[in-house]
Amino acid sequence: MRTHWCGELDRSLVGREVTLAGWVQRRRDHGGLIFIDLRDRSGLAQLVFDKGKSPFELAEELRNEYVIGVRGRVAERSPENYNPRLATGEIELAVSELKIYNRSYNPPFYIEDGLSVEESLRLRYRYLDLRRPEMMHRLRLRHRAVKMMRDYLHEDGFLEIETPMLTRSTPEGARDYLVPSRLHPGSFYALPQSPQLFKQLLMVAGAERYYQFARCFRDEDLRADRQPEFTQIDLEASFYSQERLFDLVETMMARLWEELLEIKLERPFPRLAYREAMDRFGSDKPDLRFPGELVDLTDLAEKSSFKIFQGVIKSGGVVKGWCHAGGGRLSRRELEELIDFARREGAKGLVWMVREEEGWRSPVAKFFDQGLLNEIGERAGAQPGDLLLVVADRWLVSCTVLGQLRLRLGGPREQGENRPHFLWVIDFPLFEPEPGEKGYLSNHHPFTAPLEEDMPLLETRPAEVRSQAYDLVLNGVELGSGSARIYDRDIQQRLFKVLGLSDREAEEKFGFLLEAFEYGAPPHRGIALGLDRLVTMLTGDESIRQVIAFPKTAGATCLVTGAPAAVSREQLTELKIGVKAGGRKSGQSPSKPK
RNA sequence: GGAGCUGUGGUGUAGCGGUUAACAUGCCGGCCUGUCACGCCGGAGAUCGCGGGUUCGAUUCCCGUCAGCUCCGCCA
């Protein structure tokens with residue numbers, strides 16, 4: 001049905017008889033002469049139907065998006081008819097045979113790049129949206145990235161192993177998607193949030209190096225970078241040092257960027273301890289595309305007569321600042337908005353200071369003498385015309401609020417810098433305080449190994465214990481996260497104790513894993529990278545929906561199929577499931593396509 | 001759960017307390033043998049997301065609701 005792709009026709013084929021197939025991109029009917037741009041996955045080729053020489057009457061019926069096959073002779077155009085904007089613009093196909101495989105409704109939007117229609121329409125007719133070259137390009141790029149990573153992991157001895165989709169709900173983490181069991185009414189499978197436990201079992205099984213392009217499901221609210229189902233490049237390796245794992249991931253990233261974007265990455269990627277990342281950038285996923293770091297002003301603020309600062313410092317807080325270059329021109333109103341923003345982010349307030357040619361302008365200037373202000377300005381690197389923002393609060397609050405202000409004001413878009421800035425964030429705290437309680441929760445997951453040197457603190461000062469967990473960060477986006485796992489029963493039990501898990505509870509929740517670990521678990525570690533986010537970074541898109549063939553809406557519905565939808569009474573009866581009032585009746589869907 | 005933005009022919013937009021609801025493009029028909037965003041002529045196509053309220057009168061103002069998007073919460 002086809003001997004060549006449209007996009008591969010060139011002058012070397014002039015005179016050859018070829019068969020093409022594809023969709024009608026555009027028709028230009030000149031009366032006695034019809035031009036058709038034929039589109040397939042590879043590109044466009046111009047077809048010519050000449051009255052008298054071609055199947056002309058049939059060609060007159062052609063409309064956009066008709067599916068056709070043609071046979072004809074490749075002809076060089078006369079030079080004045082070259083189309084430099086078309087890859088195949090020096091040739092055309094003089095058609096001798098035309099077959100209309102299928103007709104088409106007029107599409108609801110143009111099948112072309114640079115489209116501006118409502119995204120819901122694109123999602124509703126996703127199969128048309130994907131016909132657009134820029135969308136097919138995204139899918140192709142994703143495919144190439146996946147293929148390269150598979151090849152690379154294979155080279156390093158990793159085995160691709162599938163793990164179950166129907167698994168068991170585990171207590172921690174995100175909300176599970178549940179699947180009712182027909183054979184065991186009242187019991188449910190859960191779709192995996194990640195293959196975490198299985199990949200550790202595979203290490204016990206001696207797989208040594210495992211990877212999987214794993215579908216993961218989390219029933220949480222969506223964002224531009226979050227879908228309820230998404231793909232992780234999930235990997236785990238035994239007897240594998242952190243250095244080796246970092247090198248593996250870095251090499252993989254370097255290959256992707258080099259081969260897909262022709263960008264050479266600087267290696268090794270910088271590493272920042274969590275503490276340092278927060279201190280300097282106010283974020284555990286700092287965006288290093290633009291300069292400007294937070295500074296600690298606690299010692300200087302202490303010398304002022306500003307009571308609020310002093311109070312915060314006395315109660316163990318810190319005073320931190322960030323200099324917004326050129327921010328001195330912000331209006332009073334804009335400054336007020338910044339204060340509101342800081343409050344929404346959790347700060348009690350925000351102090352601003354503008355450095356002028358002579359002295360300082362600030363509502364709190366009177367509490368500082370000139371020399372002190374200059375010292376502060378110097379530490380923050382403030383030039384005349386710059387704005388210094390200061391937050392006094394608990395360490396974490398001061399850092400995060402200023403970090404958010406840094407992102408908002410110093411944003412990379414303003415800087416026009418878009419090179420990839422990878423880094424590793426390491427040494428995360430093992431625990432986070434349980435909100436409102438005295439206890440602790442796992443920061444990563446409860447099998448994350450503590451940093452060896454912090455082990456003595458495990459029972460005494462758990463909040464200070466750091467873990468062997470690491471995040472891969474690119475331009476302010478968390479691309480992946482992993483850790484070394486605990487493989488020692490004693491350490492695991494000590495950790496459960498800190499988490500307030502009794503032996504019985506631990507047994508109940510993770511018994512199968514703990515049991516497996518009794519049969520000789522090797523030291524192992526792993527990481528999971530978000531494929532959708534990774535590809536989005538490669539394409540430069542704003543939303544991961546752009547690189548997913550059939551994504552869900554912000555309301556977690558599929559506009560193509562209308563999922564989720566009610567099911568028949570019979571299906572529910574078979575599962576022994578009753579739907580309470582407020583649920584939908586059979587046949588209803590939250591977003592039924594028209 | 002909360003906040004914000006958006007919703008007008010197929011599509012993208014304009015508009016306004018009283019309009020024949022405008023423009024572009026697409027679509028349909030006609031003409032056209034070198035176009036490539038072809039051109040020219042003509043035509044069809046909109047209960048202004050839905051419901052309620054204010055008003056003599058609502059696409060326009062108000063309230064609610066639905067849908068899409070963005071953010072907060074949430075996402076070990």
Side-chain angles (χ1 to χ4, degrees), chain A residues 25-38 44-54 56 60 63-65 75 77-86 88-89 92 94 105-125 128 170-176 193-194 196-197 216-228 230 341 344-346 404 408 428 430-432 434-435 440-448 467 469 478 481-483 499 509-510 528 530 542-543 545 551-557 559 590-594:
Chain A
Q25 173 71 28
R26 207 178 287 277
R27 175 183 64 125
R28 291 180 294 278
D29 184 349
H30 289 242
L33 188 69
I34 298 173
F35 297 103
I36 298 288
D37 291 336
L38 184 66
L44 296 176
Q46 175 166 282
L47 314 178
V48 189
F49 294 86
D50 199 326
K51 199 169 196 168
K53 293 187 216 159
S54 294
F56 194 83
E60 282 183 312
R63 294 294 182 274
N64 286 350
E65 301 310 313
R77 304 189 192 183
S78 57
E80 69 272 20
N81 286 328
Y82 282 0
N83 183 354
R85 296 172 55 188
L86 205 61
T88 58
E92 62 193 9
Y105 289 154
N106 291 316
F109 49 80
Y110 316 120
I111 309 299
E112 64 187 21
D113 289 348
L115 186 69
S116 84
V117 294
E118 263 187 59
E119 194 177 354
S120 57
L121 196 70
R122 292 174 48 203
L123 292 177
R124 165 90 173 75
Y125 296 97
L128 297 180
T170 49
E172 314 238 343
R175 208 173 284 121
D176 283 316
Q193 296 175 25
S194 82
Q196 182 61 41
L197 300 177
C216 304
F217 304 85
R218 294 179 188 176
D219 188 5
E220 299 292 347
D221 285 356
L222 290 78
R223 289 285 188 284
D225 62 351
R226 270 162 39 187
Q227 284 271 305
F230 60 99
F341 176 77
R344 280 199 304 277
E345 293 293 327
Q404 288 297 324
R408 180 180 158 128
F428 279 88
L430 186 59
F431 304 106
E432 56 179 293
E434 204 170 347
Y440 295 92
L441 298 171
S442 278
N443 209 339
H444 190 61
H445 59 66
F447 312 107
T448 305
S467 68
E478 182 197 316
S481 151
S483 66
L499 290 170
K509 291 175 172 174
F510 309 109
E542 299 284 324
S543 161
R545 289 190 300 275
K552 304 276 189 291
T553 66
T557 65
L559 294 183
S591 62
K592 210 171 190 174
K594 292 187 287 193

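Per chain, numbering begins at 1; letters A, B, ... match sequence-line order.
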Name the pairing partner of B/C61, where a pair is Watson-Crick or G-U wobble with both distances under 3.5 Å, or state none.
-> B/G53
Using both distances under 3.5 Å as the test, list the Watson-Crick or G-U wobble partner of B/G7, or none.
-> B/C66
Result of checking A/Leu499, A/Leu441, A/Asn443 against A/Phe431 for side-chain contact (heavy atoms from CB on, under 4.5 Å) | A/Leu499
Quick one: A/Tyr105 OH to B/C28 P, roughly how many Å, whole number?
-> 14 Å
Separation of B/G26 P from A/Leu121 CG (nearest whole Å) | 17 Å
Indicate whether OP1 or OP2 belonging to B/G7 is found under 4.0 Å from a side-chain N or O atom of A/Ser120.
-> no
Nearest whole angstrom, please: distance from the P of B/U11 to the CG of A/Asn106.
-> 12 Å
Answer for the Watson-Crick or wobble partner of B/C23, both distances under 3.5 Å, is B/G12
Determine which nucleotide pairs with B/C36, using a 3.5 Å limit on both distances of a Watson-Crick or G-U wobble pair.
-> none
Do A/Val48 and A/Phe35 have side-chain heavy atoms sitting under 4.5 Å apart?
-> yes
Donor-acceptor pair present, A/Arg226 side chain and B/C74 base, under 3.5 Å = yes
Once you round it to whole Å, what is the distance between P of B/G12 and CG of A/Asp113?
-> 17 Å
Protein-nucleotide distance (A/Phe109, atom CZ; B/G12, atom C1'), rounded to Å = 13 Å
Give the rounded distance in Å between these two atoms: CD1 of A/Ile34 and C1' of B/C32.
-> 11 Å
May I ask you to evaluate whether A/Asn64 reaches the phosphate of B/G26, defined as a side-chain N or O under 4.0 Å from OP1 or OP2?
-> no
Nearest-angstrom distance from the residue atom CG of A/Asp221 to C1' of B/G1 = 9 Å
So which one's nearest nucleotide on RNA chain B is more toward 5', A/Arg63 or A/Gly32?
-> A/Arg63
Figure out the CG/C1' separation between A/Leu128 and B/G10, and round it to whole Å.
-> 13 Å
Taking protein heavy atoms under 4.0 Å as touching, what does nucleotides 34-45 of chain B look like 5' to 3' if B marks base contact, S marks sugar-phosphate-only contact and - marks none?
-> BBBSB-------
Table of protein N/O atoms under 3.5 Å from nucleotides 69-71 of chain B N/O atoms:
| unit_1 | atom_1 | unit_2 | atom_2 | d |
| --- | --- | --- | --- | --- |
| B/C69 | OP1 | A/Ala554 | N | 3.0 |
| B/C69 | OP2 | A/Ala554 | N | 2.5 |
| B/C69 | O3' | A/Arg545 | NH2 | 2.9 |
| B/U70 | OP1 | A/Arg545 | NH1 | 3.2 |
| B/U70 | OP1 | A/Arg545 | NH2 | 2.8 |
| B/U70 | OP2 | A/Arg545 | NH1 | 3.3 |
| B/C71 | OP2 | A/Ala224 | N | 3.3 |

